[in-house]
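This report concerns only the one structure given below.
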Amino acid sequence: MTCPKCRANVSEASLRCPSCGLSKPKARNVEANEKPSKWFGSLAVRRASAGRVIEKRATENQRIANRKPAEPPSKTKRVALMLSFSMMVALLGAGGYWFVWPLFLSEGPEPQTAALILEKLRKMPSNQEGLTVDESVTRELERSRRVGNLVSYQGWTVRLAPGDKSKLLVVFSFDERNNTRQRAEWLADPVSSTFTPQTELAAAVYKQ
């Protein structure tokens, strides 16, 4: 028997604990509704708790032992995964060709050619004496702003001419009230360095 106070072993014949001197309860008849003494009650509780722990561990070990190990993917599954990955790569490659490649073939002129053509037109003399083409269209823009008609302006733009990729369309434009757009537009030939007015404003500013 174990002493509940100092946990020392006490023989059945001893009346006290040899270590701490705790008296051993006297043996008597236990009534039906009487609770057991600390000696037997604590020992029973500890034995019951230990039994539950042992049973729980045994159940968990049995569950682990019965668990089947994960099977490696079969050859058929591996082949299916490889085919799916190959199809995905092929689709991405096709999408890159059909949707990304056209961006590199956009209808924009070569930057160097466009810059040279624009610079040449801007520096050419306009129909107004002493003013270049750039100064003349800038004066028109300033006049619109001064009278309060100017809403926004786009300035100079250069793009490929529709229907003739060998020529450029040079444009100076700005917007006025009542949804009116003022647009000076020239058709430029980079080979011959000629500029043909396409709008009234362009003809008023510069006409070769």
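Any value given below was found using the heavy atoms of this structure, including those in side chains, with hydrogens, waters and symmetry copies removed.
Taking CZ of Arg177 as the reference point, atom OG of Ser144 lies at 9.5 Å (rounded to 0.5 Å).
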Practice prompt. Starting from the C-alpha separation in whole Å, work towards a yes-or-no answer on side-chain contact (heavy atoms from CB on, under 4.5 Å) for Met124 and Val133.
Written response: CA-CA 6 Å; Met124 281 187 168; Val133 171; 4.1 Å; yes
Discussion item. Using the rule given for side-chain contact (heavy atoms from CB on, under 4.5 Å), can you reason through Phe195 versus Ile117, listing the C-alpha separation, both sets of side-chain angles and the distance that settles it, and then say yes or no?
Written reply: CA-CA 9 Å; Phe195 302 91; Ile117 289 296; 3.6 Å; yes
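Taking every heavy atom of both residues into account, Ala203 and Asn127 meet most closely at O-ND2, 3.0 Å. Across every non-hydrogen atom of Ser193 and Lys120, the tightest pair is CB-NZ, 2.7 Å. Between Leu187 and Ala161, the closest heavy-atom pair is CD1-CB, 3.6 Å. Looking at every heavy atom in both residues, Asp175 comes nearest to Gln154 through OD2-NE2, 3.2 Å. Here the closest non-hydrogen pair linking Lys165 and Leu160 is O-CD2, 3.7 Å. Across all non-hydrogen atoms, the minimal contact from Gly130 to Glu135 is O-OE1, 3.9 Å.
The closest side-chain donor-acceptor pair between Asp189 and Thr194, if any, does not fall under 3.5 angstrom. Residues Gln182 and Glu140 bring no donor and acceptor atom of their side chains to less than 3.5 Å of each other. Thr199 and Glu185 share no donor-acceptor pair across their side chains, judged by distance under 3.5 Å alone. Side-chain atoms of Thr180 and Asn178 include no donor-acceptor pair closer than 3.5 Å.
Remark: Arg139 does not engage Glu142 in a salt bridge, criterion side-chain N to carboxylate O under 4.0 Å.
Residue Val158 is grouped with residue Phe174 when hydrophobic side chains (ILVMFWY) are merged at heavy-atom distances under 4.5 angstrom, including chains of intermediate members. Residues Leu118 and Val171 are members of separate hydrophobic clusters, defined by side-chain heavy-atom contacts under 4.5 angstrom among Ile, Leu, Val, Met, Phe, Trp and Tyr. Cluster annotation: Leu168 and Leu116 are assigned to distinct hydrophobic clusters (Ile/Leu/Val/Met/Phe/Trp/Tyr, side-chain heavy-atom contacts under 4.5 Å, transitive). Taking hydrophobic clusters as Ile, Leu, Val, Met, Phe, Trp and Tyr residues chained together by side-chain heavy-atom distances below 4.5 Å, Val205 shares a cluster with Leu141. Under the 4.5 Å side-chain heavy-atom criterion for ILVMFWY residues, no single connected hydrophobic cluster contains both Trp156 and Leu169.
Partner Ser126 forms a side chain to side chain contact (heavy atoms under 4.5 Å, CB included) with one of Thr132, Asp134, Leu131 and no other, that one being Leu131.
Atom CD of Glu200 sits in a sparse spot, with 12 or fewer heavy atoms from other residues, nucleotides or ligands closer than 6.0 Å.
Ring orientation note: the planes of Tyr206 and Trp186 are tilted relative to one another, at an angle of 30° to 60°.
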